[in-house]
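Input: a single structure, listed below in structure tokens.
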Number of protein chains: 2
Amino acid sequence: MSTVKGARARARTEITAAIKDEARGQLAKEGAAKLSLRAVARELGMVSSALYRYFPSRDDLLTALIIDAYDSLGAAAESAHETVAGAEPLARWTAVCEAVRGWALAHPHEYALIYGSPVPGYTAPLTTVPAAARVGLLLIGIVRDAHEHGGLTEPPLPAELLGEAERMAADFAPGLPPEAVAALVAAWAQLYGLVGFELFGQFNRMVEDREPFFRHAVVRLAHGVGLRPVPPEEQA
Amino acid sequence: MSTVKGARARARTEITAAIKDEARGQLAKEGAAKLSLRAVARELGMVSSALYRYFPSRDDLLTALIIDAYDSLGAAAESAHETVAGAEPLARWTAVCEAVRGWALAHPHEYALIYGSPVPGYTAPLTTVPAAARVGLLLIGIVRDAHEHGGLTEPPLPAELLGEAERMAADFAPGLPPEAVAALVAAWAQLYGLVGFELFGQFNRMVEDREPFFRHAVVRLAHGVGLRPVPPEEQA
DNA sequence: CCATTGCAAGAGCGGTGCTCTCTTTTTGGT
DNA sequence: ACCAAAAAGAGAGCACCGCTCTTGCAATGG
């Protein structure tokens, strides 16, 4: 696949990477709205029109950065999860959630790019879906493990939502009780509410000690999904 | 205060309002990033430089729109609350939450303006604080009513958060148990996570039947704050 | 009545995304 | 080894943006 390749192809991938790096730098410094193709080109010593050989438009550059951001966040969450791989589900849940928060605080503009308001007039292409799903899959896996080892209490679910929850389970969380899937999706959204409020300043002059506040909220989120506070030792 | 005033002052307030209206229209159509002073002026039949007599910069126009959006959202929530004024706290809670969601779905770009990622390089001035607090105060009032009538179960709170929660209670929710205040702040953030995920397309291809999904999630949010599912009749 | 003030208009500066043309360089088939 | 084709860079240019400055006009109030 990625064999030696000609000098031209090699240069292309290198320049593409350089453009993304520079763009990511400007994104981190000024935010998505001020990301300017001309400024990126200027910084790289090329003329602005040359950049269009690599990204057909500013939106395409942004899309590439979005996918990278999803992947970076997903990798951070996965690596945090691996460091507690053997632990009880609740500990793994909080580890993943805290990794999400940590990544968001470290990369605020990238987080805003993917979970803030979408850049107006811009709709993310389907290409972003697999990268975007990584954190969700991680949480699903944790809850599934808990369920398979008897560490999951099914949360309540009104009858009118049962069908919807069953469809969701079949679609992307097979083997999980529908009650847990519905609660998990809600918890997932709520997690990003907590992170977003902290990141975007809504907690200013309200919550001071944010790290323990977040940790506690995340544990209660896990309880809401049905993860038991302390699982039994009976797991195979 | 707003007595007859001269023709000049009258014209000024009218033109200011016209500018905001046109800007709001463009905001609704294209989003904040594409809101252009020149386009607003063009549409109003004036030259762009004339607009600077009314708003010293694009950011100031945006700030005015932000305050209006907060007030519009707050008014929607308050009016929804009034229609169920005598009901049990849980019903009032869900009414307010659903009003927030309804307003957000009806005014997506304005919602993005205030609860999405902040416009990069822009930090909201303190002027926005009172308008921004209206929904929060509403929820605090509902929980306080429940507490005063014995319809509140204090949620769990780890010891390390007690001091922080007491400070928060003293700051903006006097008379409420600190446990409830901490849970309420978290629930508030989580509410906006739910709304944001639906609004910004994160639920696409995941949640189809969103209204009942949201209603159920909001009820569970209320339980998390300590609002009892069915309050006793014993209230004075 | 007239000076002061408020406002609209226009030109202009430096910036943006993007397109088009022209030239240079690399590539790959004959 | 050559040479057409493809790829890449350079530059000019279009239409737009926020914002500033100067100029002329009209309403205001002493």
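Every chain is numbered from 1 and lettered A, B, ... according to where its sequence line falls, protein lines coming before strand lines.
Considering only the side chain of Tyr52(A), dG17(C) comes nearest among dA10(D), dG18(D), dG17(C). Picking from dG18(D), dG17(C), dA8(C) the nucleotide with the shortest atom distance to the side chain of Leu37(B) gives dG18(D).
As judged by a 4.0 angstrom heavy-atom cut-off over every strand, Ser48(B) is placed among the base-contacting residues. Here Tyr54(A) lies in heavy-atom contact (under 4.0 Å) with sugar-phosphate atoms only. Leu51(B) comes within 4.0 angstrom of nothing in the nucleic acid, heavy atoms only. Base engagement by Ser49(A) is indicated by at least one non-hydrogen atom pair under 4.0 Å involving a base atom.
Between Glu98(A) and Arg101(A) no salt bridge is recorded (no basic side-chain N to carboxylate O distance below 4.0 Å).
Contact between the side-chain N/O atoms of Arg58(B) and the OP1/OP2 oxygens of dG18(D) is found at a separation under 4.0 Å. Look at Arg12(B) and you'll find a side-chain N or O under 4.0 angstrom from OP1 or OP2 of dC7(C).
A donor N or O paired with an acceptor N or O is found under 3.5 Å between the base of dA7(D) and the side-chain atoms of Arg8(A). Not a single donor-acceptor pair, N or O on each side, falls under 3.5 Å between the base of dG15(C) and the side chain of Arg38(A).
Of all non-hydrogen atoms in Trp103(B) and Ala69(B), the two that sit nearest each other are CZ2-O, 3.6 Å.
For the atom pair CZ of Arg24(B) and CD of Glu110(B), the computed distance is 6.0 Å after rounding to the nearest 0.5 Å.
Across the interface with DNA chain C, nearest-nucleotide mapping of Leu35(A) and Val47(B) shows Val47(B) to be the residue nearer the 5′ end.
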Residues Leu35(B), Val40(B); criterion side chain to side chain contact (heavy atoms under 4.5 Å, CB included); working and verdict: CA-CA 8 Å; Leu35(B) 201 176; Val40(B) 170; 4.0 Å; yes
Stepwise side chain to side chain contact (heavy atoms under 4.5 Å, CB included) test for Glu160(A) and Arg215(B): CA-CA 11 Å; Glu160(A) 64 170 342; Arg215(B) 188 166 40 224; 3.7 Å; yes
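Between the side chains of Thr63(B) and Asp60(B), no donor-acceptor pair is found at a separation under 3.5 Å.
Residues from residues 18-27 of chain B placing a heavy atom under 4.0 Å of any atom in DNA chain D do not occur.
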